[in-house]
Number of protein chains: 2
Amino acid sequence: MYSSELIKGTLKTIILNLLKEQGRMYGYEIVQKVKDLTDAKIQLTEGALYPTLHSLEKNGELDIEKQYMGKRVRKYYTLTEQGLNTAEKKVSEFAEFIETMKFLLDLEPKMNNG
Amino acid sequence: MYSSELIKGTLKTIILNLLKEQGRMYGYEIVQKVKDLTDAKIQLTEGALYPTLHSLEKNGELDIEKQYMGKRVRKYYTLTEQGLNTAEKKVSEFAEFIETMKFLLDLEPKMNNG
DNA sequence: AAATATACATAAGAATATTATGTATTTCCA
DNA sequence: TGGAAATACATAATATTCTTATGTATATTT
């Protein structure tokens, strides 16, 4: 489990990318999927997730589709066209950021040993 | 220049690692050095930097040494032993985090092409 | 002399996450 | 069959952290 500090600022990127890959998901599912994929090293909290989903939807990045499982409601989220765009932008920005940080923190694997 | 969102949560790691590599630095110097090293892609703001330096010092990670250049004061920071420890812990945690995120976001370069 | 750079500092506000709590249903299992 | 755990949503209070704005003051460049 990483320090929460470290994960800050990556939540939107994670959500948008997961939805891009998985098609449609509901909130609780996102939490479980991220936990699974990261061996529980990243555990999203619902208190952070739901407000972020709502704000992404409000900003036109996500569409909602309600589904009733018996009486329990489930809200499936899918990317809008804008959301897909944002997802790709955010992921590639993060990829660049990683490279910058690797250089800044001297994490580059040495290429020349001889 | 990366979106500020992306840089969130990395400030302490950056500061501690720079001090580990450079020995001793003052605040303004840290801002310039990070800008230089990252081609201005990461620009720390003084409003974020100084409070963070103060809190790191308060927590025993940094030592301060004041130097007067004429009348102007300059505060040099160095890592304490605890600070060196924290620096190494934070950097390696970040390195692991990068790997987790690369997997989560499907950024792994393909190893097998044939 | 004025503009820019150096060098510190802090306060108000915004953004985002944590923690705690709440509702309600469904599934597991003892 | 009754209680715990899991599912699935939500939000409010608080904490943390960053941005933006502002302030002070000296030194250097033009």
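Since the structure is predicted, the reported quantities are computational estimates derived from the model, not experimental observations. Below, all heavy atoms of this structure are taken into account, side chains as well, without hydrogens, waters or symmetry copies. Labels below follow one simple rule: chain letters A, B, ... track the order of the sequence lines, proteins then strands, and each chain is numbered from 1.
- Remark: P of dT26(D) and OH of Y26(B) are 18 Å apart, rounded to the nearest angstrom.
- Rounded to whole angstrom, the span from the NZ atom of K58(A) across to the P atom of dA10(D) amounts to 15 Å.
- What separates NZ of K35(A) from P of dT7(D) is a distance of 9 Å, to the nearest Å.
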Distances for protein N/O vs nucleotides 15-19 of chain D N/O pairs under 3.5 angstrom?
residue	atom	partner	partner atom	Å
dC18(D)	OP1	G9(B)	N	3.4
dT19(D)	OP2	T45(B)	OG1	3.0

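- Atom NE2 of H54(B) and atom P of dA11(C) are 12 Å apart (whole Å).
- For the pair L107(A) and A95(B), the tightest heavy-atom approach, listed with the atom from each and the gap, is CD1-CB, 4.0 Å.
- We find that OH of Y50(B) is positioned 18 Å from P of dT20(D), with the value rounded to whole Å.
- Candidate nucleotides dA7(C), dT11(D), dT10(C) were compared by shortest atom distance to the side chain of P51(B), and dT10(C) ranks first.
- Put simply, CD1 on I30(B) and CD on E46(B) are 11.5 Å apart, with the number rounded to the nearest 0.5 Å.
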Using a 3.5 Å cut-off and no angle test, enumerate the donor-acceptor pairs between side-chain atoms of residues 76-86 of chain A and protein atoms at least two apart in sequence or in another chain.
residue	atom	partner	partner atom	Å
Y76(A)	OH	R74(A)	NH1	3.1
T80(A)	OG1	G60(A)	O	2.6
T80(A)	OG1	E61(A)	O	3.1
T80(A)	OG1	Q82(A)	N	3.4
T80(A)	OG1	G83(A)	N	2.9
Q82(A)	NE2	N59(A)	O	3.1
Q82(A)	NE2	E61(A)	OE1	3.4
Q82(A)	NE2	E61(A)	OE2	3.1
T86(A)	OG1	E61(A)	OE1	2.7
T86(A)	OG1	E61(A)	OE2	3.4
T86(A)	OG1	Q82(A)	O	2.9

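- For E57(B) and dC8(C), the CD to P distance is 14 Å, given to the nearest whole Å.
- No salt bridge links K41(A) with E96(B); every basic N to acidic carboxylate O contact stays at or beyond 4.0 Å.
- Of the charged side-chain nitrogens involved, none lies within less than 4.0 Å of a carboxylate oxygen, so that K8(A) and E5(A) do not count as a salt-bridged pair.
- Among dA5(C), dA9(C), dT11(D), the nucleotide with an atom closest to any side-chain atom of K75(B) is dA9(C).
- Separating the CD atom of Q67(A) from the C1' atom of dT26(C) is a distance of 16 Å, rounded to the nearest angstrom.
- Of the options T38(A), L37(A), L6(A), a side-chain contact (heavy atoms from CB on, under 4.5 Å) to T100(B) is made by T38(A) and by none of the others.
- Atom CZ of R72(B) and atom C1' of dT28(D) are 9 Å apart (whole Å).
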